[in-house]
Amino acid sequence: MRTGEFFAPTLRQVSGDVEMASHRLLLRGGFMRQLAAGIYCLLPLGWRVVHNIEEIVREEMDAAGAQELFLPTLHPVELWEKTGRTESWGPELMRIRDRNDRAFCLGGTHEEVITQLVASGVRSYRELPFTLYQIQVKFRDEIRPRGGMVRAREFGMKDAYSFDRDLAGLDRSYDAMVEGYHRIMQRIGLPYHVADSSGEGIGGWDTREFVSLSEAGETAYVRCEGCDYHATPEVGEISTSEIVPSDDPMQPLERVETPDQRTIEQVTAFLGVPAQRLVKTLIYKADGRVVAALVRGDRDLSEDKLKAALGADELVMGDPATIERVSGAPVGFAGPVGIKEAEIVADEELRGERNFVTGGNEADLHLRNVNWGRDFPEPRWAQIRNAEPGDPCAKCGKPLTEYHGIELGHVFKLGTKYSDPLEARYLDEDGERKPIIMGCYGFGTTRVMAAVAEYFRDDAGIIWPRSVAPFDAIVITISQDDEVQRTLAERVYAELRAAGLDVLLEDRDERPGVKFKDADLIGVPGQIVVGRLAGEGKVEVRRRGGESTTVDADEAVAALQKLMADNVPAGFRPPE
RNA sequence: CGGGGCGUAGCGCAGCUUGGCAGCGCGCCUGCCUUGGGCGCAGGAGGUCGCCGGUUCGAAUCCGGCCGCCCCGACCA
């Protein structure tokens with residue numbers, strides 16, 4: 001391909017509004033253009049990168065035994081109603097209507113469609129197990145898209161679904177997918193971690209995320225340096241062995257007027273008490289019954305952990321009416337003392353706390369020197385708070401640290417969450433009809449492009465790993481007017497292509513600086529410069545972000561292949 | 001959804017406070033010059049100032065409404 005006819009409009013400047021480095025570089029390099037908030041055109045360069053990522057994913061999915069298919073983007077809304085996800089997804093589900101006013105949505109994921117499909121095609125245990133996948137566009141009406149392809153409303157994703165007879169089969173299918181994901185990440189070359197996480201909008205257990213490290217990443221994770229345990233804060237396990245009962249004497253219970261002081265910040269400021277001396281009371285409904293969850297004022301409640309502790313299928317925040325009913329006070333003053341109707345679940349950490357401040361279950365009232373066992377019955381204890389940096393690791397006791405990352409892959413065991421409501425069943429050898437056991441496995445292909453650009457870059461532009469690079473190499477003439485250079489460049493270009501490389505020939509009549517800047521910006525791994533040494537038959541061979549050498553034109557192909565033997569330039573360090 | 005900011009030439013921006021010829025840089029076109037890191041000189045094209053309405057002799061500028069985009073925050077009692 002010749003640059004003169006290749007559609008890759010690079011930009012010298014992009015709006016100051018665009019903050020994330022990968023976003024800026026992908027726009028500047030002509031990989032993508034925005035059409036609307038969170039919606040992007042992939043230009044030839046960007047599409048080549050995504051295509052390369054897709055090919056790696058496709059090969060590894062096939063190698064793991066999965067079969068590719070292609071499902072519709074338009075889904076009848078009734079199908080989503082059957083699984084209750086029109087409710088749980090709410091406005092994130094993109095909805096449209098057809099000419100007959102029939103309600104459809106644009107697929108944000110495909111559990112419903114594929115489960116219904118499989119339900120209609122599987123009769124017997126003899127037909128199981130199998131795993132299906134597709135590489136498709138997904139639509140999610142995100143509250144706030146950001147970072148270009150990091151969080152878009154329309155994005156590319158590979159989604160796979162496994163169908164098994166039983167849990168043991170699911171474990172095998174799941175392990176095969178996890179293994180495939182490791183191979184995909186290794187082939188792409190992006191450093192990554194695997195973190196325990198929660199089911200979010202999909203639902204399930206043994207959920208893990210494949211995460212690319214990035215300070216610009218929008219998701220926080222905790223990690224144990226001691227045993228390399230990684231998790232999202234919502235599920236990260238904290239050791240409780242350090243909790244010791246306080247031997248502070250219990251002080252007499254005190255009522256304090258706190259007019260209009262509802263939030264933790266307000267109450268700490270008003271009473272002059274640090275947040276860790278407060279206990280906040282959060283009212284939830286778990287499968288319909290009311291629960292009061294207690295955590296220390298400076299902690300975050302983990303709905304995932306609370307849900308697990310209660311063994312609940314559904315957990316939602318209490319609505320204001322419920323809160324007022326059980327607490328007898330407007331929202332903002334709930335507390336455990338004298339609360340009605342609600343089961344009290346307290347974070348284990350509170351075992352070690354005495355004389356804390358809670359809401360008073362009366363308007364404008366808080367209580368000081370509250371103690372469990374005396375002022376309210378000993379609650380049910382469970383770990384229901386988010387892990388934070390500094391918390392001891394549950395596995396080895398070392399303090400957890402925090403980092404940010406970009407979630408690229410997410411694997412779940414679903415069980416019968418979708419096969420039950422959609423009646424995807426098979427007849428087992430004992431003659432019994434049983435629900436198919438499912439797993440699902442997502443991988444964000446367009447997001448990977450952004451994550452790679454975020455990690456592999458320098459001040460001049462992107463430094464693509466060979467595995468996903470839009471081209472293998474670019475041949476640049478210093479002076480396009482110089483016939484010797486032009487001829488030699490054409491020869492090297494032809495030889496590189498004959499060697500099976502995907503090559504750009506920079507044949508524009510631009511000044512050298514412009515060509516170099518553009519070549520660095522788009523980040524093609526191999527650069528061959530045909531310049532003043534062309535008369536001697538010599539060219540310069542460079543690795544973007546790496547080493548360079550001057551060789552005889554005859555040796556250019558071999559020299560380039562040697563410089564590009566590694567997927568990523570040796571000694572590469574990410575910025576910052 | 002709450003808060004903040006922005007919308008002016010293909011791109012990046014100034015002008016708006018104090019109403020009076022629509023500007024700058026880059027890019028683009030033509031010519032000359034130049035050719036190892038976003039050259040130089042000369043000439044030129046290119047605008048419904050986001051949209052609708054109002055005030056005014058006169059609106060990019062003031063007022064109202066709408067649309068779009070960006071950033072921050074969001075069940076924490």
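Throughout, protein chains are lettered first and strands after them, A, B, ... in sequence-line order, and every chain is numbered starting at 1.
Using atom C1' as the reference point in both B:A42 and B:G4, the two lie 47 Å apart (nearest Å). With C1' as the reference atom, B:A59 and B:C52 are 15 Å apart, rounded to whole Å. Here the separation of B:C39 from B:G54, taken at their P atoms, is 48 Å to the nearest Å. Only the P atoms considered, B:C51 is 13 Å distant from B:G7, to the nearest whole Å. Here the separation of B:G23 from B:A9, taken at their P atoms, is 13 Å to the nearest Å. Comparing B:C70 with B:G12, their C1' atoms are spaced 15 Å from each other, to the whole Å. A gap of 12 Å separates the P atoms of B:C41 and B:G27, to the nearest Å. If you take atom P in B:U17 and the same atom in B:C63, they sit 9 Å apart, rounded to whole Å.
Both distances falling under 3.5 Å, in either a Watson-Crick or a G-U wobble arrangement, occur for no nucleotide opposite B:U34. Checking B:C69 for Watson-Crick or G-U wobble geometry (two distances, each under 3.5 Å) identifies B:G5 as its partner. Across all strands shown, B:U17 remains unpaired; no Watson-Crick or G-U wobble contact has both distances below 3.5 Å. Pair assignment for B:G64 gives B:C52, based on Watson-Crick or G-U wobble hydrogen-bonding distances that are each under 3.5 Å. Across all strands shown, B:G44 is found opposite B:C28 as a Watson-Crick or G-U wobble partner, with both distances under 3.5 Å.
Among the heavy atoms of the strands, none lies under 4.0 Å from A:Gly359. At the heavy-atom level, A:Ala36 lies under 4.0 Å from the strands shown only through sugar-phosphate atoms. No contact: A:Pro320 has no heavy atom under 4.0 Å from any strand.
Using a 4.0 Å cut-off between charged nitrogen and carboxylate oxygen, A:Asp472 and A:Arg466 count as a salt-bridge pair.
As a whole-Å value, the separation of A:Arg151 CZ from B:C71 P is 12 Å. Atom CD in A:Glu142 sits about 16 Å away from atom P in B:A74, given to the nearest Å. Atoms CZ (A:Arg262) and P (B:A74) sit 19 Å apart, rounded to a whole Å. Distance, A:Ile384 CD1 to B:C76 P: 16 Å, rounded to whole Å. One can place CG of A:Asp300 at 12 Å from P of B:C76, the figure rounded to the nearest angstrom. Whole-Å rounding puts the A:Leu301 CG to B:A74 C1' distance at 16 Å. In this entry the distance linking CZ of A:Arg508 with P of B:G37 reads 16 Å, nearest Å. Atom CZ in A:Arg511 sits roughly 10 Å away from atom C1' in B:C33 (whole-Å rounding).
Between B:G36, B:C70, B:C28, one nucleotide has an atom nearer to the side chain of A:Arg532 than all others, and that is B:G36. Picking from B:C75, B:C1, B:C69 the nucleotide with the shortest atom distance to the side chain of A:Met317 gives B:C75.
Summarising the local packing, CD1 of A:Ile143 is surrounded by 12 or fewer heavy atoms from other residues, nucleotides or ligands at distances under 6.0 Å.
The stretch residues 10-32 of chain A touches RNA chain B through A:Arg12, A:Gln13, A:Val14, A:Ser15, A:Gly16, A:Asp17, A:Glu19, A:Arg28, each having a heavy atom under 4.0 angstrom from the strand. Using a 4.0 Å cut-off on heavy atoms, the residues of residues 475-492 of chain A that approach RNA chain B are A:Ile478, A:Ser479, A:Asp481, listed by number. Across residues 534-563 of chain A, A:Glu540, A:Arg542 each have a non-hydrogen atom less than 4.0 Å from an atom of RNA chain B (numbered order). RNA chain B is contacted by A:Lys280, A:Thr281, A:Leu282, A:Ile283 of residues 279-292 of chain A, taking any non-hydrogen atom closer than 4.0 Å.
Scanning for salt bridge (charged side-chain N to carboxylate O under 4.0 Å, His left out) contacts around A:Arg144 gives an empty result, with sequence neighbours left out. Take A:Tyr455 and apply the ring pair (Phe, Tyr, Trp, His ring centres under 6.0 Å) test, not counting sequence neighbours, and it matches no residue. Qualifying ring pair (Phe, Tyr, Trp, His ring centres under 6.0 Å) partners for A:Trp47, counting only residues two or more places apart in sequence or in other chains: none. Applying the side-chain contact (heavy atoms from CB on, under 4.5 Å) criterion to A:Glu348, with sequence neighbours excluded, gives A:Thr240, A:Ile243, A:Arg351, A:Trp381, A:Gln383. Scored by the salt bridge (charged side-chain N to carboxylate O under 4.0 Å, His left out) test, A:Arg33 finds no partners at all (sequence neighbours excluded).
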Would you check, one step at a time, whether the test salt bridge (Lys or Arg N to Asp or Glu O under 4.0 Å) holds for A:Lys305 with A:Glu234? CA-CA 7 Å; A:Lys305 291 181 184 177; A:Glu234 292 76 28; over 6 Å; no
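Side-chain contact check for A:Glu303 and A:Tyr284: at least one donor-acceptor pair (N or O, by modelled atom type) lies under 3.5 Å. A donor-acceptor pair shorter than 3.5 Å cannot be found between the side chains of A:Thr487 and A:Glu490. In this structure, a donor-acceptor pair under 3.5 Å is present between the side chains of A:Gln527 and A:Asp520. With 3.5 Å as the limit, one finds a donor-acceptor pair spanning the side chains of A:Thr10 and A:Asp518. Side chains of A:Tyr221 and A:Glu209: a donor on one and an acceptor on the other come within 3.5 Å.
Two residues, A:Arg299 and A:Gly531, neighbour RNA chain B, and the one matched to the more 5' nucleotide by heavy-atom proximity is A:Gly531. Position along RNA chain B of the nearest nucleotide to A:Gly332 versus A:Val514 favours A:Val514 as the more 5'-ward residue.
Phosphate proximity of B:C70 to A:Arg146: absent, as no side-chain N or O sits under 4.0 Å from OP1 or OP2. Checking the phosphate oxygens (OP1, OP2) of B:C70, a side-chain nitrogen or oxygen of A:Gln34 falls inside 4.0 Å.
Residue pairs meeting the ring pair (Phe, Tyr, Trp, His ring centres under 6.0 Å) criterion with at least one partner in residues 534-555 of chain A, sequence neighbours excluded, do not occur; the list is empty. The ring pair (Phe, Tyr, Trp, His ring centres under 6.0 Å) contacts involving residues 330-354 of chain A comprise A:Phe333-A:His366, where partners must be two or more places apart or lie in separate chains. Residue pairs meeting the side-chain hydrogen bond (donor to acceptor under 3.5 Å, both in side chains) criterion with at least one member in residues 551-561 of chain A, sequence neighbours excluded, are A:Arg491-A:Asp554.
Put simply, the residue from A:Arg508, A:Glu506, A:Lys515, A:Glu510 that forms a side-chain contact (heavy atoms from CB on, under 4.5 Å) with A:Thr477 is A:Lys515.
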